2 protein chains.
Amino acid sequence: MVRPVETFLKYLDSKHLKLTRERKAVLEEVFFHPGHLEAEELTHTLRSKKSRVSRATIYRTLELLVDSGIVRKIDLGHGHSHYEHILGHTHHDHLVCLKCGKVIEFTDKKIERLQTNICQKSRFQEISHTVQIFGYCKDCR
Amino acid sequence: MVRPVETFLKYLDSKHLKLTRERKAVLEEVFFHPGHLEAEELTHTLRSKKSRVSRATIYRTLELLVDSGIVRKIDLGHGHSHYEHILGHTHHDHLVCLKCGKVIEFTDKKIERLQTNICQKSRFQEISHTVQIFGYCKDCR
DNA sequence: TTTCCTGCAAATTATTTGCAAGTGA
DNA sequence: TCACTTGCAAATAATTTGCAGGAAA
């Protein structure tokens, strides 16, 4: 069972930070939103719901969420960041269609394992990794 | 034998574009520069040499170089793009140290092969891919 | 000649920051 | 209370674009 709010609380406490209404709203939105989201999108979604949160706070909160390991920041080649929740989700990577923008997720245990080997060999302590494959999806070839 | 200028010429011709002094200067600099470079850096290097090329032209040319397959644009998590020449170089991926910024390159045939499989399975035509592993290098753990 | 190019400065986009006023523990 | 927060608006940073005057083919 994964409890994002509790995880976040634990993180905030450890840094002597507070769980505010704004932070909770961002966390919930990110967590219950399927897929990858952008800061801009988040601003609008929250605005359309009851809870308005300023752009600045959204960015500040996303950084906290990344730090706490609840969310990861990904680059889908759009010129701005995307975020996706990872807590309770298996790590996955992306195939990004350069034409229609579609993102296909995939998981490959073998790739993960090979990456671990590489890190060990270089005595590199992995924090996160990303495998992005750019090209054309089957509908756009 | 790899001839970047000829490759670029062929590409330019196919698009009815011209090989100008500026484009040639950027191409040469990128090609003979080992490692990853930034647009800003390129501007300075060229300026310090004989050939001044404006920032705008540098960005425009880098895009052409990427399009023509001579160079690839990579994200090393610095908030701006890096570029590296790929023509005549084996594809490689990166371990990026979040503390000192060091970038360790690695190549893994098995990972490459697995990626190809994944693309075939999804009928995805790969154009480029990137495996970036973020963490702490052995000097920063 | 004709089409493509370049530099410049202004525009855009994404993200960050300083600061005064507000709020959770 | 008091340290931590927020929103706002201004500041940054990277990159793009319009345009008028140059240059390859």
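Only heavy atoms go into these numbers, but all of them, side chains included; no hydrogens, no water, no symmetry mates. From a predicted model like this one, the values you see are computed outputs, not experimental measurements.
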Notebook entry, point to check: Other than B/I111, which residues form its hydrophobic cluster under the rule that side-chain heavy atoms must be closer than 4.5 Å?
Noted result: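 In the cluster with B/I111 are A/L95, A/I104, A/F106, A/I111, A/L114, A/I118, A/F124, A/V131, A/I133, B/L95, B/I104, B/F106, B/L114, B/I118, B/F124, B/V131, B/I133.
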
Next item on the list: Between protein and nucleotides 10-15 of chain D, map the contacts as a letter string: B base, S sugar-phosphate only, - none, heavy atoms under 4.0 Å, written 5' to 3'.
Entry: ----SB

Notebook entry, point to check: Where along residues 42-50 of chain B does a heavy atom fall under 4.0 Å from DNA chain D?
Noted result: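 Contacting residues: none.
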
Notebook entry, point to check: Do any side-chain nitrogens or oxygens of B/T57 fall under 4.0 Å of OP1 or OP2 in C/dG7?
Noted result: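 Checking C/dG7 against B/T57, a side-chain N or O does come within under 4.0 Å of OP1 or OP2.
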
Margin query: My understanding is that only one of A/H94, A/H85, A/H82 makes a side chain to side chain donor-acceptor pair (under 3.5 Å) with A/H36; could you say which?
Written below: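 Exactly one candidate clears the test, A/H94.
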
Next item on the list: Give a yes or no on whether a salt bridge exists between B/K99 and B/D139, defined as a side-chain N under 4.0 angstrom from a carboxylate O.
Entry: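 No.
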
Find the distance [X]:[atom1] to [N]:[atom2] and express it as a whole number of Å.
X	N	atom1	atom2	answer
A/E63	D/dT6	CD	P	13 Å
B/R52	C/dT6	CZ	P	14 Å
B/K24	D/dA25	NZ	P	10 Å
A/R23	D/dC4	CZ	P	11 Å
B/E22	D/dA24	CD	P	8 Å
B/D13	D/dA24	CG	C1'	12 Å

Distances under 3.5 Å between nitrogen or oxygen atoms of protein and nucleotides 21-25 of chain C:
{"unit_1": "C/dG24", "atom_1": "N2", "unit_2": "A/K18", "atom_2": "NZ", "d": "3.3"}

Notebook entry, point to check: Where do B/K73 and B/S81 land on the side-chain contact (heavy atoms from CB on, under 4.5 Å) test, with the steps shown first?
Noted result: CA-CA 6 Å; B/K73 192 176 182 176; B/S81 300; 3.2 Å; yes

Item checked: Derivation of the side chain to side chain donor-acceptor pair (under 3.5 Å) call for A/H80 and A/E40 -> CA-CA 10 Å; A/H80 57 264; A/E40 192 56 25; over 6 Å; no

Check whether [X] reaches the backbone of [Y] with its side chain - one donor and one acceptor, N or O, closer than 3.5 Å.
X	Y	answer
B/R72	B/H129	yes
B/T57	B/V53	no
B/E28	B/A25	no

Note to self: So that I can compare with my own list, what are the stems of DNA chain D, taken as at least three consecutive Watson-Crick or G-U pairs with distances under 3.5 Å?
What the structure shows: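 Expected stems, ordered by start: C:1-25 with D:1-25.
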
Notebook entry, point to check: Roughly how far, to the nearest 0.5 Å, is the CG atom of A/L17 from the OG atom of A/S68?
Noted result: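 Reported value, rounded in 0.5 Å steps: 10.5 Å.
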
Next item on the list: Enter the distance from B/K10:NZ to B/L19:CG here, rounded to the nearest 0.5 Å.
Entry: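 The distance works out to 14.5 Å.
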
Item checked: 5′-ward residue of the pair B/A56/B/L12 relative to DNA chain C ->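 Taking each residue's closest nucleotide, the earlier one in sequence belongs to B/L12.
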
Check: Taking side chain as C-beta onward, heavy atoms only, is A/L27 less than 4.5 Å from A/T61?
Finding: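 Not in contact.
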
Next item on the list: Kindly say whether, by distance alone, the side chain of A/R60 makes a donor-acceptor pair under 3.5 Å with the base of D/dG7?
Entry: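 Side chain to base: pair present.
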
Check: Can you name the nearest heavy-atom pair linking B/C137 to B/C97, along with the distance?
Finding: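 Heavy atoms only, the tightest pair is N-SG, 3.4 Å.
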
Item checked: Proximity of B/H91 and B/H89 rings by center, below 6.0 Å ->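 Distance test on ring centres: not under 6.0 Å, no.
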
Notebook entry, point to check: Quick one: which of D/dC8, D/dG7, C/dT6 gets closest to the side chain of A/V53?
Noted result: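 Of the options given, the side chain of A/V53 lies nearest D/dG7.
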
Next item on the list: Please identify each residue that fulfils ring-ring contact (aromatic ring centres under 6.0 Å, His included) with B/H33, with sequence neighbours left out.
Entry: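 Listed in chain order: nothing, the list is empty.
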
